[in-house]
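Reviewing the structure listed below.
All chains are named by letter (A, B, ...) in the order of the sequence lines, taking the proteins before the strands, and each is independently numbered beginning at 1.
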Amino acid sequence: MSALLEVSGVSVSFDGFKAINNLTFQIGKAELRAVIGPNGAGKTTFMDIITGKTKPDEGRVLWGDKSQSLLALSESQIAQAGVGRKFQRPTVFEDQTVADSLMLALRKDRGPLSVLWFRPSQADHAKVQELADEIGLSAALARKAGELSHGQKQWLEIGMLLAQDPQLLLVDEPAAGMSPSEREHTTDLLVEAAKTRAVVVVEHDMEFVRRLNCKVTVLHEGSVLAEGSIDHVTKDDKVIEVYLGR
Amino acid sequence: MVTDTSSSFGPKYSGGAGVKPPHEATAQAGAKPFLLRHPSVLIFIACLALFTMGVTILAEGFGVGAISTSFVKTLGKTLCLCLVALAMDLVWGYCGILSLGHMAFFGIGGYAIGMWLMYARTEIIVAQSLAAAPLPPTAQEISDGIATQIFGGVGASEFPPIWAFAHSLPLQLAAVVLVPGLIALVFGWLAFRSRVTGVYLSILTQAMTLALSLYLFQNDSGLRGNNGLSGLQNLPGLDETPQSVVSMWFFWASALALGGAYVLCAWVVSGKFGSVVRAIRDDESRVRFLGYSVEAFKLFIFTFTAVIAAIAGALYYPQAGIVNPAEIAPIASIYLAVWVAIGGRGRLYGAVIGAAFVSLLSTWFTGGQAPDINLGTYTIQWVDWWTVLLGFSFVAVTLFAPRGIGGLFDLISDRRAPDRHGADLGPDAGALQEKEADK
């Protein structure tokens, strides 16, 4: 299986503090992966590096069949290449309707001029409707995103990500602040999405990770501590030491 | 392409991403023409047309003469200020770039058209005075004559290189658009690619306008130093035409420009482009992760609005009669932001209302027409105290009515958020309450 994303030997430090230390990570084209780790393990920095927000001091980040380096690209270029990111705090555009938000995210030419001349076709409207059904917001299409509940905002953001049609989805704590039924729905969405693309879920909540039923990567102090099934890593001595206290 | 439109709604369009849809399929919602989908634009145009007709009928030039020519000029200038406020609203209210330098572009537009007006008119005068000479004057003599007339006051008698195109109206008209457009493009590119945002960008734009104004204050800038360009109200070759008529021409041109720019701006901010631009205002980095090049969009808006500002300036200064470096002073751009804030950011008519309201009020207060208030020991003279009042109004609007005057329209239209008396917003129990959702 050829990897979609290959991160190798990446290190980054902030003011002498090594946030990421010689990290190596791989993910295939249609794979669900959970990344867990205690606070300060470098989970968010890891995502920042992939999405171009932070440039690493050393190492390689290779993408796709052509093994293109993501390090030379800007955030928007990386997003266009097919990396979608969901932030921990739901960041939707509060002033815009659900329909507009999804239309905004729909995979189209992103240049200013083509956006200026863009008028949605019926197919685009249909696609927006379809996405809204998927995230359970079809009744709220005309509502402003700011009026949605916390869980609905999370879904809207996931919907916007799906609209982008990325090959790799990075999801930061998708279940934070969700009710049990909302969590279940979110799990379904992610598992479904991972059938056609790579999905990386960063999560604190072990129960949620267990429900995802996928390979788990444990980060600690900026590098990979253990990797494998959830049962495998929870039995790992090092993980127990870090996670459950010595 | 014009076929039976009903048929295109029949079979499901299977274009998929990236395929250009046939024109007919431009969405159910998009079936209506642009103006019908945006009634506020139609209402604005109707109001502007009524206002223009009313002034035409009442003015001296072509009507009954109830409005003086100088007041027609004031109204025409006000329309130009509304136009530049429109640009400011687009760049600040919609895109979130608090540019405090857009009046520099306004001034450059005035200078660009002023150079031709001054050159062409002086040329006629010089040609007339030299016509009496026994030998017909050479081109060099005429040129020297014009230069002496224009630059005598600043101790020069030769044309600086910057005046190379002043003889040609088309070239100077091109300069009205190109010079500010180019400056905005270069400045914006440098600023946005370094990701200068917020207050730092505002300071940078202030620095730009201050630098430009200080440069123009110098006599050797080639634009007559602090004298500026004057006599712009006189159109070359039209000395016979009374100012009452010329003022109407400019009034109409200003109204036309404002109406046209309003429709254009409304179109720009309507569809997906407007969506992207407002998203940039609200959360710039999120837009980046959606794959949009934020810098390119900002640069587009910055340059586009700079050009609108310049066109406004090119229409304003022939009505004002004089343009000098003081017009480009940093305070002018701050006033512009105050107008837009008072009128209401993020809605085009708000900017127009704010600019018209505040600038006309300012004319009234500073024109000595407002009655002074005698407090016994101290008399409030509005000429001095107007800016204080304006400052307080600005603070008050910012604190208590962030939507500005335009927000009043929300009270009568249904743009308010639905009030469900504190009921849950979401379908799930425990979802956010309305008050929290406002945050």
Inset, instruction - Report the residues that fulfil salt bridge (charged side-chain N to carboxylate O under 4.0 Å, His left out) with K272(B), sequence neighbours left out, ordered by chain and then residue number. - result: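 Scan of K272(B) (salt bridge (charged side-chain N to carboxylate O under 4.0 Å, His left out), adjacent residues dropped) gives none.
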Legend entry - Structural part of L113(A) lying under 4.5 Å from a heavy atom of chain B: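 Contact with chain B involves the side chain of L113(A) alone.
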Inset, instruction - Measure distances from Q164(A) to the heavy atoms of chain B and classify the residue's part below 4.5 Å as side chain, backbone, both or neither. - result: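 For Q164(A), the contact with chain B is made by the side chain alone.
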Inset, instruction - Count the heavy-atom pairs under 4.5 Å between each of A296(B), G291(B), G274(B), G271(B) and chain A, then report the option with the highest count. - result: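 With the most close heavy-atom pairs to chain A, the winner is G291(B).
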Might you point out which heavy atoms bring [X] and [Y] nearest each other, and give the distance in Å?
| X | Y | answer |
| --- | --- | --- |
| Y292(B) | V115(A) | CE2-CG2, 3.9 Å |
| P112(A) | F297(B) | CA-CZ, 3.7 Å |
| R119(A) | S270(B) | NH2-OG, 4.0 Å |
| L290(B) | A105(A) | CD2-CB, 3.8 Å |

Inset, instruction - Please collect all salt bridge (Lys or Arg N to Asp or Glu O under 4.0 Å) contacts where either partner lies in residues 85-98 of chain B, sequence neighbours excluded, each pair once. - result: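 Every candidate salt bridge (Lys or Arg N to Asp or Glu O under 4.0 Å) pair involving residues 85-98 of chain B fails, so no pair, neighbours aside, qualifies.
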Legend entry - Residues in residues 277-288 of chain B near chain A [non-hydrogen atoms, under 4.5 Å]: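 So the qualifying residues are R278(B), A279(B), R281(B), D282(B), D283(B), R286(B), V287(B), R288(B).
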Legend entry - Which residues share a side-chain hydrogen bond (donor to acceptor under 3.5 Å, both in side chains) with K195(A), sequence neighbours left out: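 Here the qualifying residues are E192(A).
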Near [X] [atom1], under 6.0 Å, is it more than 12 heavy atoms from other residues, nucleotides or ligands?
| X | atom1 | answer |
| --- | --- | --- |
| Y200(B) | OH | no |
| W267(B) | CH2 | yes |
| R211(A) | CZ | yes |

Legend entry - Atom group of F300(B) that falls short of 4.5 Å from chain A, counting heavy atoms: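 Contact with chain A involves the side chain of F300(B) alone.
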Legend entry - Minimum side-chain heavy-atom gap F289(B)-L161(A) below 4.5 Å: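 No; the side chains remain at least 4.5 Å from each other.
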Counting heavy-atom pairs under 4.5 Å to chain B, which of [options] comes out on top?
| options | result |
| --- | --- |
| M160(A), M103(A), E157(A) | E157(A) |
| A163(A), S101(A), S76(A), A79(A) | S76(A) |
| Q96(A), R85(A), Q80(A) | Q96(A) |

